[in-house]
Each structure stands twice: as structure tokens, then as C-alpha cells.
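So the structure is just underneath, and the comments pick up after that.
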Amino acid sequence: MIHSLFLINSSGDIFLEKHWKSVVSRSVCDYFFEAQERATEAENVPPVIPTPHHYLLSVYRHKIFFVAVIQTEVPPLFVIEFLHRVVDTFQDYFGVCSEPVIKDNVVVVYEVLEEMLDNGFPLATESNILKELIKPPTILRTVVNTITGSTNVGDQLPTGQLSVVPWRRTGVKYTNNEAYFDVIEEIDAIIDKSGSTITAEIQGVIDACVKLTGMPDLTLSFMNPRLLDDVSFHPCVRFKRWESERILSFIPPDGNFRLLSYHVSAQNLVAIPVYVKHSISFRDSSSLGRFEITVGPKQTMGKAIEGVTVTSQMPKGVLNMSLTPSQGTHTFDPVTKMLSWDVGKINPQKLPSLKGTMSLQAGASKPDENPTINLQFKIQQLAISGLKVNRLDMYGEKYKPFKGIKYMTKAGKFQVRT
Amino acid sequence: MSSNSFAYSEQSGGGEATELGQEATSTISPSGAFGLFSSDLKKNEDLKQMLESSKDSAKLDAMKRIVGMMAKGKNASELFPAVVKNVASKNIEIKKLVYVYLVRHAEEQQDLALLSISTFQRALKDPNQLIRASALRVLSSIRVPIIVPIMMLAIKEAAADLSPYVRKNAAHAIQKLYSLDPEQKEMLIEVIEKLLKDKSTLVAGSVVMAFEEVCPDRIDLIHKNYRKLCNLLVDVEEWGQVVIIHMLTRYARTQFVSPWTEDEGLENNEKNFYESDDEEKEKTDKRKKPYVMDPDHRLLIRNTKPLLQSRNAAVVMAVAQLFWHISPKSEAGIISKSLVRLLRSNREVQYIVLQNIATMSIQRKGMFEPYLKSFYVRSTDPTMIKTLKLEILTNLANEANISTLLREFQTYVKSQDKQFAAATIQAIGRCATNISEVTDTCLNGLVCLLSNRDEIVVAESVVVIKKLLQMQPAQHGEIIKHMAKLLDSITVPVARASILWLIGENCERVPKIAPDVLRKMAKSFTSEDDLVKLQILNLGAKLYLTNSRQTKLLTQYILNLGKYDQNYDIRDRTRFIRQLIVPNERSGALSKYAKKIFLAQKPAPLLESPFKDRDHFQLGTLSHTLNTKATGYLELSNWPEVAPDPSVRNVEVIELAKEWTPAGKTKKETPSKKFYSESEEEGSSSDSNSDSESESGSKSGEQSEEGNSSDDSSEDSSSESGSGSESEVENQRTAKKNSKNKRKSDSEDGEKEHEKSKTSESSNAESSSVEESSSDSETESESDSASESRKVTKEKEKTRQDRNPVPKDVSLLDLDDFNLVSTPVALPMPALRPSLIADLEGLNLSASSAVINVSTPVFVPMKTHVMLHRMSGKGLAAHYYFPRQPCIFGDKMVSVQVTLNNTTDRKIENIHIGEKKLPTGMQMHVFNPIESLEPEGSITVSMGIDFCDSTQTASFQLCTKDDCFNVSIQPPVGELLLPVAMSEKDFKKEQGMLTGMNETSTIIIAAPQNFTPPVILQKIVNVANVGVVPSGQDNIHRYEELKFQAL
């Protein structure tokens, strides 16, 4: 399946290569560079590039291209999904996934990649198992290793791979047994010029951090499971139980993992927690345009809206902007034409606004389209869909774990057309 | 840098100082090493020395540097001999890194690589399965042809290994060996055949992968394993799932007949998409009898459906394509929701998924119409995603949604991304041609765009308008005039060419303008693009034919220019036109028809989706994405007209056959629905009394799950379409029946159980029924107590009837080993445990009523406790509960019922109790060993334990043929008690004697609705095995029994 993997940084250097079958010359990447050149922007590089003898499938994350070389027919999503899993694993191991970090930990990276694929077919992709095989580097361990000459390769053989619950490592022990669940919902919306909603959907995830001793068996139930229209589970969740009782029953992996992601049915009306008032005008005659936006809370269920950021890609004709915000800070990059305004928390008594003028290229005609406004915000302790966890029970172990559930609503792809 | 190398060179001298120096370098670690070894060969010498040193840390450091070099793509093969020596290193990390090196470079140094082989051969015999597996893995990864026989031998051995993990690695090794030496194919197929029979989920994915690589055409190997693969699928790891699903899709297309019925085909206008016309006709004849889906076909569809919920996009896509290619069209709709969900994922996933949706949306619009808004474009999407979304939106456009879509398109046209704006204009053009209602609206809109400032937009509009006008009977003179004016400003060649063509075509409708345009063009001819030049020639020719008086000279001028053009196409065209239109002595008959040739009615171009031709590729494949056949692409065959013999999939294992026959019989007698729910119920709470019954029930459940008999599947589908309410009634009936002939579970559990069967029943049915049942559950949780009490009364009534068989049971056994009991009615002394008797002796027992009558325990739903979870028991699950019956094994013992379930797919043999670890004084009467337990089977056995009136845990081992599991039983206090009948007076008396140490009192605050006698009664008896003392006062209930207080 996957023959080789090349990591390419944004300046076009191959800084890591790994082969699982016969060596494929790195010159195969020339086809990739060609495509990259044509695409102008990194995110427009096609994920699948055919070359005379190979196919290059790539993902672009953290400013690194992960290019897999394959030779024969294979479902492209198979490779792409795997590459994303590789990136996730690196992130899990090193905290960040960047070129210097990968270079620094090249040995661990190599060891991990060796375990993830055998002859190009995924072998161990669960981070719990990988961490048992190859311990992630920590500062302490690095120091200890250099002094004692011990290694970061696990000396006990991984048994997790053989068990019925391959996602959980065995012999987990904690002094504080705790299980935290974060219900995070994102609102994807397109708001029209007049403020009416064109499309709005809620996508949610439940991320868990479970640190429990032994082999706990957890069940999590919702007050209103019917809200969940479409769900996808971590493999640990027992599907039959969900089908019949709408209860999540699972033996959790150790540590952080995504238990569930869901989609709230589009039939339900989505509450839009913020509104944006805008007046952006270009005039044909003058080289000055007016710009004014105000952000305010709408349906927030009494919760405060925090971390508000407004970004907007201004048309090419805009040379500069002189704006004054009523709160927060703003920047305008005259090269990329990107305006960003870090608003912070919205005070309903005094709505934040950003006002001022834009100077346009003299002589150029006015842009036909007003810029789109992208919004980011956070609302703590609220799941906008109204989803509520009913209870969490643990079976199979005797101790009493500490349990916590947190709710949060965020803006996903939230756009306001002007 | 130099100091480092200095340290290394000195190293051979040994001593403390060098070691220190070495440690210092190792902290610098590989990143620093890159520069170090990039060019200088001398450094390789240092590495060699390090590798030969006796210290592991030096070796490790060297290996790390070498790995760094490999990662950089530097050639490190020179170090091969030095590295290979360390293959047997004790240090596990060195060993691993050597493996990494070996696999990478062995090909280049074949002879030297052989040195390492013996190490692996030795490891292949290691008692540890993981070491065996990794040895096989590395050995098979070394691409040295000489060792092929060794590899072959190792694979054969590993394929028969006891450990599934080793067998999995053997499956991987098959592919490696095959690519190294395809000659071995036949032998490898044998191994594959053997491994395909493997029942382990670990092996399944890998062996199917090997199958796909080595012998994808040997579909006959799959037959016998088809059902097993379908059933294992959910538990296989995700990557294996993808491979298996793709393989099974191909398999299904060769083995089953098409489930796509006529009507659906017509509805979609795509009925003969995969078949040629006459094939279809034949099919129609055949279809006289209604189509019945092969149960195996159904099995595949049913077992893959849950995987739509996978977190892995590749799995979801694989299932989606399976549904698309093999499920009835009416059922394929469920995949759209999951595919739309994937659109939230990363850009690359979106790209692939959107491509597939685009293909699907051409053929079956209806599938994605409800999700129209999910395809709306955001300004932040990358261009390739935008265009794909636009493509899908265009495919989905119909009369109903076109107005919304056009409004949306208006926004896109104004997008700053001009490439995307241009694509939108094309999309509008396609909508206009497909939906005749909006053609004029679109045309007007496009004309407005002609005054757009952006040239790309205008050019694209011109091209699209040209196409639109060509389709319409020309009444659009105005538009043409407008466009003629544009020629002055517009510079995009395609647009100019389009305008010229339009004017030429309609030259008779714009007689004044056309010659003028030609005049202008003649002036700029030399500087035009080739495309435009060709159209100028065409325009000239057309005008020459219609209006030669005005344009004769102009045309000849242009033809002269064309004659000397640099481009041979244009020179050719010029020559051709001249011969045709300019009459001369040598021109043949053709020139008479010149007008007809040039000004013929031309068929309007069809504006089609660029995805139109992709559908002959299997969805989700690389070939589909690229729209060309990729190497190794396996064609999806057409449905066979007559299904090949389905019996080839029957597995001739005797046990399985035995299982099916009785179930088949019962099937005919009882309606399936009832059957289904009954088996559900019984599977979870089976009773020793109805053992035989429950066994047949669970068997039938299993059978219906596997869907092996055809009538089963048809019934199944009928229950699917059946109304929810009906099934509910059915369920209630079975539930009642269950509670009648069973001592059943505690009420909450029961409710849940009931709920479960209900939902599982209706889950396939209409959504309304699902809603109903779930709303049920909500109200139930609210009014829990109320329903509980209701249940209790019901249950009480039944208790009386229930008693009948049970005492009989006891008395029957009495004869053998219950001799201690003198009278069956009153069990005075035995009822009390020795410690208690001692207590009572001191309390002057004789003062109270002479005998203690053990009253029948109040019937409460029993509560089961988990003894052995199936996860920890390798598939063997054990639950126990306290039946509250006098124990038949001994009067001091508490009887415990243990239910054993086999959740694996193979028999569990010889289940017995092993070593007991009981606290002193405790005794246990074990059950007789169970010879074997069928897959999915369950059995209930009873045992007796003397807990010595304490809540100490009884630990013991539950053993099977292969394994021993430590389990324990800890009794709740309430189960150690025994109810006694006595009058209120006696009770008070006893109570009086027990005050002090033996008394505990608590205050319980209860909600008013819970404060009714039956409720309290129920709550208490749930906790403890006690009885009620008839009381004079209404508000006081006495739950007595001496022991209750005595403890």
C-alpha cells in the first residue's frame, strides 16, 4: 500500500523520508513540487497527484506536506486518513508537530513510523499501544536516558495489541482516578447581508480525558439523546448498546481521546448567539471607503461571549485602513489585506465596535464584493444545542472516580456576508 | 564539531575521560549529527568504531546517528557490516534500530545481510509470541531473493502458530514474499486459504489484504468464509475493515443478482447504467417473479451499516460505496448523512468525499437534496473544494430549489476568487439549460454580468451565453448587438472567438453589424490569437456567402492574411475556405453547397457535468479520483443474471448445521417477531428451569441474526416495515410471559430490558416508532417509582403461581440430599445460622413463640451481579444472583445462581471451579463441571456458599479448558437474611431483646409519592430478604426477622 513517506516543509525541502518497501527515489517529489508551483497557495495543492509510475497522496498540516507514495490502486481516503493519524500521533508525542521538533526527535519519529506500518499496511495506529512500544520523550526521560544509557523503547512487550480492547493499555495505575469529559459544540453558519441565517449547523464532539486505574467500564447517558442526528464513535464505544438504548457504553482508552463526534440535525433551529452590524461602503469617485462593524450578543442563554475575534479578507484595492476600536486591538496587514480585530469579551451594555476609513488604490474601480467577515467566539458552560449529559457510571472497578463534565460552545466556520 | 570527533577517536583508548566525552556528545543528539556526517566519510569511521565498542550507549548513539542519516536520505550502506553485527544486541532499542537499518539497506548488501538471518531464525522459535512476530516481520522485510525458501518456511509455520498476532504477521509476510518472488504464488495461495479460515479478528484484515494483493481473482476462496467475514467485520481493526469491505463489494457483485428493481431504475433514468439494454430486457422477463434478496446479500448490508458511524473516514467511505454499489436503491439513502458528516473533516478528506458525492449526485439527485445547504460555499474554502461544492450544487438543482440556488450563485459570482466566479457562471449556464423555467432569468443575469468589471467574469459569461443562445431559437438580437460592442473592450481570446462565432451564426439577423465587425477584425487580424483568427475566417466565409456584396473584398483580404499565417491550422483553414466559397474553374460540386455547409443548423452543445464519465469506476477508489484506471484497479463486475449457487457459502461444520435445524422448525410455528424479542429477553436473563427453552431461543436469535434461511430474512424485512406499535404490543406480551415463568430481575433492570427489546425491535422501523419508544423511556425515568409499584403488585400476584414449580423442585431433590429437613413446612432450626442460634440461646428463645417459621420470601426482581466480564474472561461472561431460595446443598448455605455466557465464536470447554480461596469457616458447594458451552450459548448453574453470616468475599477460580480466571462473590447483607413469619407481638418482643448494640436506626426522608406502603415494602425487600409482619397501625411497617436486627 504505502510505499514511502516524504515530509516536505513550506520552502520545498524534503527533511525526512521513510520507506516501507523498496526505496523510491526522492526525485518522485519533483512532480509534487510542480503541482505545488501551479497551485500558488499551499492549500490548493491537489491531494492526489498522478505521476508516470507512482501516485502521490498528500496532506498539508502544520505547514508541512506529508507526501505518501503509492504504486497501486488503494482507496485514497485510506492513505489520507492514515497520514492524518500520523500527524495526530506526532502531535500527541511531541506536543507540537513542526519541522524542528520532528528533526530533533528523528529517532523516535522513525521508530514510531516503523511500528505504524508494516509493508505499507497500518499495524499499530492506536496511540495507547504506540506509547507502550515507544515512550514519548520527556525532558526528564531524555536526561535520565543520557545518564543511564537506558532507552525510550519500551522494554516490556506490548500486550495491548493482542487484547480484545486494543485501544487500552494494560496495567494502568493512578493514585487520583479521574474522568473528564468536554462537550464542545461548534456552530457553522453563513449569515446573509441582511442578518438572516442562510445555513447553520451544530457539530459537536465529546473529548475525554480519562485517567482511571485498571479496566473500568463506563456508561454515559444523555438527557436528550434524540438531539444527536448523526454520530461517529471511537472504536471503544459499543455500537449495539447505543442503537438499542442510546447509551454510550465503553472501556475507555487511557488518557486523551475523542469519544464521540456528532451532528445536530439541521431540522432543529440553531440559535445564533451573536449578530454583526456592518456598514462597509466603497465609493466610485473617492479613494476613501467607510468601514464600521458592531458585534452584539443575540441568543446566548444568559452566558457571556468571550474570545471574540473578527477577521476579514479585504479586497485587493484596499491600501490601508485607519480604524478605531471601542475595545480590543486590531491589525491590518497591507500585504495580505487581512484585517483582524481581537475583541475579547462582549459587554452587552457597551457593544464593541470598530469604525474608520479605508484608503483605496487611486484610480482603481471599486471592488464588486464587500468582504466576508469571519467570526470566532467562545461561550463557556453552554452547549448551544441543549445537549446534556445525564450521568456517568463506572463498572468493573471498585474505587470511586472523580468525574467532571464541561460544556463549551465555539464558532466553527462562522461567516457573515456583507 | 572537531571536539566531538576528537572524543570519538580517543575512545578506543578507553578510560573514564572518554566516556564522559561521549556522554556529552550523546546529549547533542541526532539533530546536531546531520551536519556532522553529511559529507565527511571519515565520520563513518568514527561510527564504525562506536558500533564496535563494547558499550551499549556508544552503539546506541551511533545507531541514532545512522537513523538520522537515513531520514535525511543519506546513503549509509557503507556501515552495513558494522551495523549488522549488532543484530543480536541485548539492548532492545539498539536491536530495533538495527532492524530499521537492515530493512532499509539489506537489498544493497545481500551477502552481508545473510549474516543476520540465523538470529531471526532462532527468534522464530522463541516462546514469546511478540518476539516470534517481530522476527517474522523483519525477516520477511529483508528483500534478499536467496532467503525466499526460508521465508516460505517461516510463513507456513507462522500461519499455523497458536498466537493470532503471529498469524497476522504471517499474512503481512505473504505480500512481502509475493512481491519479492511472484513464483511462489501457488504456495502462498495455499497459506492464504488457510489463513482465511482463521476466526480471529486480528488476522482477518491482513489476510484479506494479502488476498487482494496476491490472488484477487480467486473469489472461490471467499465463499466458505463469506459469512464469517461479514460477522467479524465490526470487530476487525479499522484499516482491515476498509480492505474487507472493498473486497466484499466485489464479491457481492459476482455472487448475487441485482437488487435494483425496475421502478427504481426508471425513476432515476439510470436503470441500465451498468447493464446493456438487452440485458435489461432479459431481466425484465425474469422479474416476473418478485425479487427476493439472498440472505447472504442482506447479511452483508446489515453488518456493514453500523460502520457508517466509524470515526475513520476511510471506513465510512468504504461502507458508502458498498451501499451504493450493492444495496437496493431505496436503502442507499442512509449513506448521505454520514458522507455529509465527513465534510467537516480536513481539506483532503473533503476533497475526496466531495468528488464521490459529485458522482453520486448526478445519478441519484434525491439522496443529497436534503443536505443542499451543507454544500454552500464559504469564502475560506480552498478553490478546489469550492469548485467541487459548486459542481454538486449544480447537480442538485431542480425546479424547486433553483431560485434559492441562483441567489446563492449571485454571491459566488462576486467572489474575490475569480477562478471560482468563472466556474459559477458555467454552473449558472448548466442550470439554465437543465431547467427550462429559469433559462431566461439566467440569460438576463448573465447579460448583466457582461458589464462586470472583471474580464474573466465577462469572458466566461460570453462563452456561456453563446452556448445558451445556440440552444434557443434566436430571438435575442439585442444580446448579440450588445456582445458585438464588447469586442472593442474584451481581450480574452475564448470570449472574442465566441462572440465572432455568434455573429457569424446570426449574421442574417444582424445584417448591419456583422460586416462592420468583420472590418474591425480584418484590421486586427495579425495580432489576434489563433482561436480568434479561426473564427474571423469563419465569420468572413459566412458573410461572404450571405452578403458577398459588402464583404467580398474584406473576406479576400482576410484569406490572404491567413494564407501566410505562421500557424498551419490557420493556413489549412484558409485554403479550405477559399476552395469552398470562392468559385473558380477548378472548384468542384462542393462549392454549390457551401452555404449549406457553413450555415447549417448546428446541434446545441450539451452542458454536462465533468463528473459524468467517472461513474464507471468504483466509488472511493483512486481510479475514481483520478478518472483514469490506476495500476491494479479491479473492475467491478456487472450483476450476474442468475445468481451462482448460494450453497457454496454454506459452511459444512456439523455443529452449526445442528444448530440451525431445530431453529428452522420452530420458526415455522411461531411468528418471527415474537420469537425475536423472546430470544432477546432470554439471552440476557435465562432461568435454570427453562433452560432447554432458552437455549433454543438464543439459537434462533443467533440464526436470525446470521440471516441464513431465506424465509427468515423475508420475515425480517417484514418486521422492519411493520408498524412500531404492533411490535410494542408483541413485546409487552412476551415481557409478561417472561415474568410469568421466570423469577425476574429487579424492576429497573426489567424496565430497561423491556425498553431494550422494544427499541431494538423498532430501530429498523419507521422513525415515528423510534420516537415513540424513546419518549416512553423519558417518561419512564420520571415516573419511575409509580411504574415500579405497579409492577410490584403485578409481580406479587404472580409470585403465588410461581411458587408451584419451585417447591416441587426442592422437594424432588430433598429425597437425595436434603435429609436434614424434617418437615417441609417449618424449618425451625436450620433456618438460623449457628452464630445466630448462639445469639438466640442467650436471648431465651423459648419465651417467644416456640417455632420460627420461615416465610416464603417476598418475590422481588432479582439483581444480577457481574462475576466475570466478557472482556476479562476472553469471551466467557459470568453473572450471579441470589434467588432467595433455601439452599439445597446445605442449610447454612446461601444459594447462588450463576449464569455463564459464551460470547465468543467458538466452543468453550470444560468450565469448572478451580482453586478456592475462602476465608476460614466459609464453605462452598460447587457446580458440576460443564463439558462445553456453544458459541452464544448460556447456561445457568446453582451453587451454595456458606458465608458464615458475614459479608466476606468468596474468591475462587473459574476455569475453562485453557484459562483460569479469578472471580469472587461478595454477598450484600440483605441476601444473608432469611424471612421468618411471626406475629406483631412476637416481633415486638424480639425487638425488645435486641436493643442496644444490635440495633441500628436511621431516618429516611422519602418523597411523598414514595411514601405508600407498597412502595416502601418494595424498596426494602429489594435490599434484603425479609418479610412483613402484619401490623395494626397503618403507618408502621415492620420488616423483621430476627437476623435483620441481630446483625
Chain B heavy atoms under 4.5 Å from A:F6: which part of the residue, side chain, backbone, both or neither?
neither
Whatever's closer than 4.5 Å to a heavy atom in chain A on B:Q355 counts as neither
Closest-packed option against chain B by number of heavy-atom pairs under 4.5 Å, given A:V59, A:D192, A:I14, A:L16
A:V59
Among the listed options A:E186, A:R85, A:M1, the residue most often paired with chain B at heavy-atom distances under 4.5 Å:
A:R85
Using non-hydrogen atoms only, which part of B:M384 is less than 4.5 Å away from chain A: side chain, backbone, both, or neither?
both
B:S310, part contacting chain A, at a heavy-atom distance under 4.5 Å:
backbone
With a 4.5 angstrom heavy-atom cut-off, could you sort out which part of B:H246 is near chain A: side chain, backbone, both or neither?
side chain
Using a distance-only test with no angle check, is there a side-chain donor-acceptor pair under 3.5 angstrom linking A:K413 and B:T380?
no
Is it the backbone or the side chain of A:N374 that comes under 4.5 Å from a heavy atom of chain B, or both, or neither?
side chain
Need one label for B:R347: side chain, backbone, both or neither, based on atoms under 4.5 Å from any heavy atom in chain A.
side chain
Answer yes or no: is there an ion pair linking A:E201 with B:K373, defined by an N-O contact shorter than 4.0 Å?
no
Would you call A:R238 and A:E243 a salt bridge, using N to O less than 4.0 angstrom?
no
By a 4.5 Å heavy-atom criterion (distance strictly below it), what part of A:L57 contacts chain B: side chain, backbone, both, or neither?
side chain
Quick check on the interface: out of B:L619, B:N346, B:V100, who has the most heavy-atom pairs with chain A under 4.5 Å?
B:N346
When the 4.5 angstrom heavy-atom criterion is applied to A:F233 and chain B, the contacting part is both
Less than 4.5 Å to any heavy atom of chain B: does that hold for the side chain of A:I70, its backbone, both, or neither?
side chain
At a 4.5 Å cut-off on heavy atoms, which part of B:V349 comes close to chain A: side chain, backbone, both, or neither?
both
Measure from NZ or CZ of A:K18 to the centre of the six-membered ring of A:Y110 and say whether it is under 6.0 Å with the direction within 45° of the ring axis.
yes
Shorter than 4.5 Å, heavy atoms on both sides: which option in B:R378, B:K337, B:R143 has the most such pairs with chain A?
B:R378
Report the option among A:Q71, A:E41, A:E126 that has the most heavy-atom pairs separated by less than 4.5 Å from atoms of chain B.
A:E126
Identify whether NZ of Lys or CZ of Arg in A:K240 sits under 6.0 Å from the centre of the six-membered ring of A:W242 and within 45° of that ring's axis.
no
Heavy-atom pairs under 4.5 Å with chain A: which of B:M317, B:R341, B:H624, B:Q175 has the most?
B:R341
So what's closer than 4.5 Å to chain A heavy atoms on B:V316: side chain, backbone, both or neither?
neither
Check this for me: B:E108, atom CD, are more than 12 non-hydrogen atoms of other residues, nucleotides or ligands nearer than 6.0 Å?
yes
Of the backbone (N, CA, C, O) and the side chain (C-beta and beyond), which part of B:E238 lies under 4.5 Å from a heavy atom of chain A, both, or neither?
side chain
Proximity breakdown for B:Y633 and chain A, heavy-atom pairs closer than 4.5 Å:
both
Select one option (side chain, backbone, both, neither) describing which atoms of B:S379 are under 4.5 Å from chain A's heavy atoms.
both
Going by atom types only, do A:S27 and A:S25 share a side-chain donor-acceptor pair under 3.5 Å?
yes
Most contacts with chain A, counted as non-hydrogen pairs under 4.5 angstrom, among B:L308, B:L634, B:L626:
B:L626
I'd like to check the ring pair (Phe, Tyr, Trp, His ring centres under 6.0 Å) partners of A:F82; sequence neighbours left out, ordered by chain and number.
B:W239
Decide yes or no for B:K72 and A:V106: does some side-chain heavy atom of the first lie under 4.5 Å from some side-chain heavy atom of the second?
no
Establish, from distance only, whether the side-chain atoms of A:T72 and B:T631 form a donor-acceptor pair under 3.5 Å.
no
So which part of B:M63 gets closer than 4.5 Å to some heavy atom of chain A, the side chain, the backbone, both or neither?
neither
Checking A:L7 against chain B: side chain, backbone, both or neither under 4.5 Å from a heavy atom?
neither
Heavy-atom distances under 4.5 Å only: say whether B:Q416 touches chain A with side chain, backbone, both or neither.
both
With chain B, the option among A:H84, A:R26, A:K21, A:E114 that has the most non-hydrogen atom pairs under 4.5 Å is A:H84
Electrostatic pair B:R311-A:E81, nearest N-O below 4.0 angstrom:
no
Check this for me: does any side-chain nitrogen of one of A:D118 and B:K176 sit under 4.0 Å from a carboxylate oxygen of the other?
yes
Under 4.5 Å between any side-chain heavy atoms of B:V243 and A:F121, yes or no?
yes
Might you work through the side chain to side chain contact (heavy atoms under 4.5 Å, CB included) test for A:E43 and B:I385, ending with a clear yes or no?
CA-CA 10 Å; A:E43 59 173 15; B:I385 302 288; over 6 Å; no
Assert top hit (heavy-atom pairs under 4.5 Å, partner chain A, pool B:L342, B:V315, B:T411, B:V103) equals B:T411
Between A:D230 and B:R344 (salt bridge meaning N to carboxylate O under 4.0 Å), is one present in this structure?
no
Can you tell me which portion of A:D217 sits under 4.5 Å from chain B's heavy atoms? Options are side chain, backbone, both or neither.
side chain
Quick check on B:S345 against chain A: is it the side chain, the backbone, both or neither that has a heavy atom closer than 4.5 Å?
neither
Verify the distance criterion only: is there a donor paired with an acceptor across the side chains of A:S261 and A:Q203 at less than 3.5 Å?
no
Hey, are B:E107 and B:H105 close enough side-chain-wise for a donor-acceptor pair under 3.5 Å?
no
Are the side chains of B:Y101 and B:V67 in touch, meaning some heavy atoms are under 4.5 Å apart?
no
Checking B:N169 against chain A: side chain, backbone, both or neither under 4.5 Å from a heavy atom?
side chain
Which of A:V237, A:T372, A:T125 touches chain B most, by non-hydrogen pairs under 4.5 Å:
A:T125
If we define contacts as heavy-atom pairs under 4.5 Å, which of A:N119, A:V48, A:N105, A:L83 has the most with chain B?
A:N119
